[in-house]
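Only one structure is covered here, and it is reproduced in the block below.
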Amino acid sequence: GIWENMQKGLEGLFKETGHENAYFPLLIPMSFIEREKEHVEGFAPELAVVTQAGGKELEEYLAIRPTSETIIYHMYAKWVQSYRDLPILMNQWCNVMRWELRTRLFLRTSEFLWQEGHTAHATAEEAEAEALQMLGVYRTFMEDWIAMPPVTGLKTESEKFAGGVRSYATEALMQDNKALQAGTSHFLGQNFSKQFDLKFQSEAGQEEYAWNTSWGVSTRLVGGMVLTHGDDVGIVVPPRLAPVQVVVIPISRKEEERVAVTEKAHELAARLRDIGVRVKVDDRDYLSPGAKFWEWERKGVPFRLEIGPKDLPKEQAVLVRRVSFGEENRKEFLPENQAVSGMPAWLDTFQANLLQAAKDRREANSHRGVNDLAGLKEIMDGPGGFVYTGWNGDPAVEERVKEETKATIRVIPDPEFRSEKAPGKCIGGGDAKMEVVWAKAY
RNA sequence: CGGGACGUGGCGCAGUCCGGUAGCGCACUUGACUGGGGGUCAAGGGGUCGCCGGUUCAAAUCCGGCCGUCCCGACCA
């Protein structure tokens, strides 16, 4: 249900930016994968390959897609003749498989669900703009829907997509101060179009290779949501993603009460539904009220309405907000009408508070002004979080720091996230060329 | 592939050292009482103790072999 709501939210943003859905095959001929050298080197270790079918060994083995660039650009090459056929702006929702040695539920699984967008453009500038636009779409979605505000920026060479030119990413900080790469957007240049002969005739009549982008988010976002908002009681689901936004729980002692109170609960639920609230009545009579409270809080439902025998004569209801981050005084006695009419606004406030709390945590756990390895190591051995330092761009420094501290460069941050005064010194010594963000990652 | 653990009702575990009627918690079934923060009492159902072999009067327990799973590391959205 949560992933389904994520899909709906993302679909809206994809459509607004002119993309349409398609579907391409699950099995990809090995020769396709092998065509782009860096691509095959990057993905070969985690490929699952079909070697037999119909009781016979296959002449050409088929890879179960780890990502679909190759087969999609193979198809685009057949569709594109002229600059008039561009751009192609497509997205597919599907499963992919990467044979990970170590899995972790929702964060790293052998098979996962995702969307992958693949576009083809006539110019490098247009493709670059598309890659950046989609990075922005992911950021918007993460902030406005998941309340999981990321730092955005460019990936280093060692962390970029295998076969691409540049990778952009959204990196969100979890409550344990580890970073989660939640969405990536790649400028692929002409690497794939050259290998798959994706050519077009330009307005000037010349034959040119198209420029590609690809971008994706996965069910990892669900894991991110859990790690961002969860607490000791269970998960907390932001209202915009919640399959159930309000659960109504009738409370009764005797049979006569049960009928009246349940009837009222369904009435209030119907009224909430009429104003667009996703609501469920929990009228199971074999569970105690307390058991239901715990269950729905564990599942992260934002609000609960209790209707009991004492409330009926007063025409009131008890509103309880899902506790998170040590909030107190959550129970409110409200007139029925108000409990219904106020709900949309309370849901919005709940959503906004989650985002603000997550932003505050991110800022509180971002460390700036660190410019030596010892300082970085101290933070990584201790509290963790995002650490902003200078870097001279040398992969050897990146590698050495990783070995010393277990932290990696999550991104070279976009301007908005850069420190006011960019560090002048590189973490590995000498002058810095840029600022980077370090963190331990999932 | 390296290092470490563990396989016992659906789930989580004790029992293994020191062989002797297979147990506990949760969950499940039925009934009564209960019901505003994980209910109580009573009565029940459910297990080839991972597999194969050995020792023994007797094996969850001791011995040998095999199989499987998980954790830590390398790979990684």
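All chains are named by letter (A, B, ...) in the order of the sequence lines, taking the proteins before the strands, and each is independently numbered beginning at 1. Predicted, not measured: the structure shown is a model, and the values here were computed from it.
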Spacing of the C1' atoms in rA60(B) and rA42(B) (rounded, Å): 32 Å
Distance, rounded to the nearest Å, where Q115(A) contributes CD and rA77(B) contributes C1': 12 Å
Carboxylate-amine/guanidinium proximity below 4.0 Å for E157(A) and K160(A): yes
Would you be so kind as to tabulate the donor-acceptor pairs closer than 3.5 Å made by side chains of residues 21-29 of chain A, with sequence neighbours excluded?
{"residue": "N21(A)", "atom": "OD1", "partner": "N91(A)", "partner atom": "ND2", "Å": "3.0"}
{"residue": "N21(A)", "atom": "ND2", "partner": "E11(A)", "partner atom": "OE1", "Å": "3.1"}
{"residue": "N21(A)", "atom": "ND2", "partner": "E11(A)", "partner atom": "OE2", "Å": "3.0"}
{"residue": "Y23(A)", "atom": "OH", "partner": "R65(A)", "partner atom": "NH1", "Å": "3.3"}
{"residue": "Y23(A)", "atom": "OH", "partner": "R65(A)", "partner atom": "NH2", "Å": "2.7"}

Base paired to rU48(B) (Watson-Crick or G-U; both N/O distances under 3.5 angstrom): none
Letter per nucleotide, 5' to 3', of nucleotides 31-38 of chain B [B base touched, S only sugar-phosphate touched, - untouched; heavy atoms, 4.0 Å]: ----BBBB
Nucleotide forming a Watson-Crick or wobble pair with rC62(B), both distances under 3.5 Å: rG54(B)
Salt bridge (charged side-chain N to carboxylate O under 4.0 Å, His left out) between E159(A) and K402(A), worked out: CA-CA 12 Å; E159(A) 297 265 335; K402(A) 181 180 174 181; 5.2 Å; no
Distance in angstrom units between K160(A) NZ and rA77(B) C1', rounded: 17 Å
Rounded distance in Å between the C1' positions of rU61(B) and rG50(B): 16 Å
Mate of rC67(B) where both pairing distances stay under 3.5 Å, Watson-Crick or G-U: rG7(B)
Six-ring centre of F303(A), R321(A) cation under 6.0 angstrom, axis tolerance 45°: no
Value in whole Å for how far the C1' atom of rA77(B) lies from CD of E159(A): 11 Å
Counterpart base for rA74(B), defined by Watson-Crick or G-U wobble contacts under 3.5 Å: none
Sub-6.0 Å ring centroid separation between F43(A) and F161(A): yes
Carboxylate-amine/guanidinium proximity below 4.0 Å for E404(A) and R400(A): no
Value in whole Å for how far the P atom of rA77(B) lies from CG of L47(A): 14 Å
Integer-rounded Å distance: rA74(B) P and E46(A) CD: 16 Å
Interatomic distance at C1', rU40(B) relative to rU21(B), whole Å: 32 Å
Touch class at under 4.0 angstrom, heavy-atom based, for F112(A) against every strand present: base
Verdict with reasoning, Y442(A) to D176(A), per side chain to side chain donor-acceptor pair (under 3.5 Å): CA-CA 11 Å; Y442(A) 273 104; D176(A) 62 0; 2.3 Å; yes
Complementary nucleotide for rG23(B) - Watson-Crick or wobble, under 3.5 Å: rC13(B)
Non-hydrogen side-chain atoms of W215(A) and T184(A) separated by less than 4.5 Å: no
Sugar-phosphate, base or nothing in reach of T109(A), heavy atoms under 4.0 Å: base
rG2(B) and rG20(B), which share atom name P, separated by this distance in whole Å: 37 Å
Sugar-phosphate, base or nothing in reach of L107(A), heavy atoms under 4.0 Å: base
d(CD, E403(A); P, rA74(B)) in whole Å: 10 Å
Same-atom distance (C1') from rG38(B) to rC26(B), integer angstrom: 12 Å
Pairwise C1' distance for rG35(B) and rA43(B), with rounding to whole Å: 23 Å
Whole-Å P distance, rA14(B) and rA5(B): 15 Å
Gap in Å between the two P atoms, one belonging to rC18(B) and one to rG25(B), rounded: 29 Å
Counter-base of rA32(B), judged by Watson-Crick or G-U geometry with both distances under 3.5 Å: rU40(B)
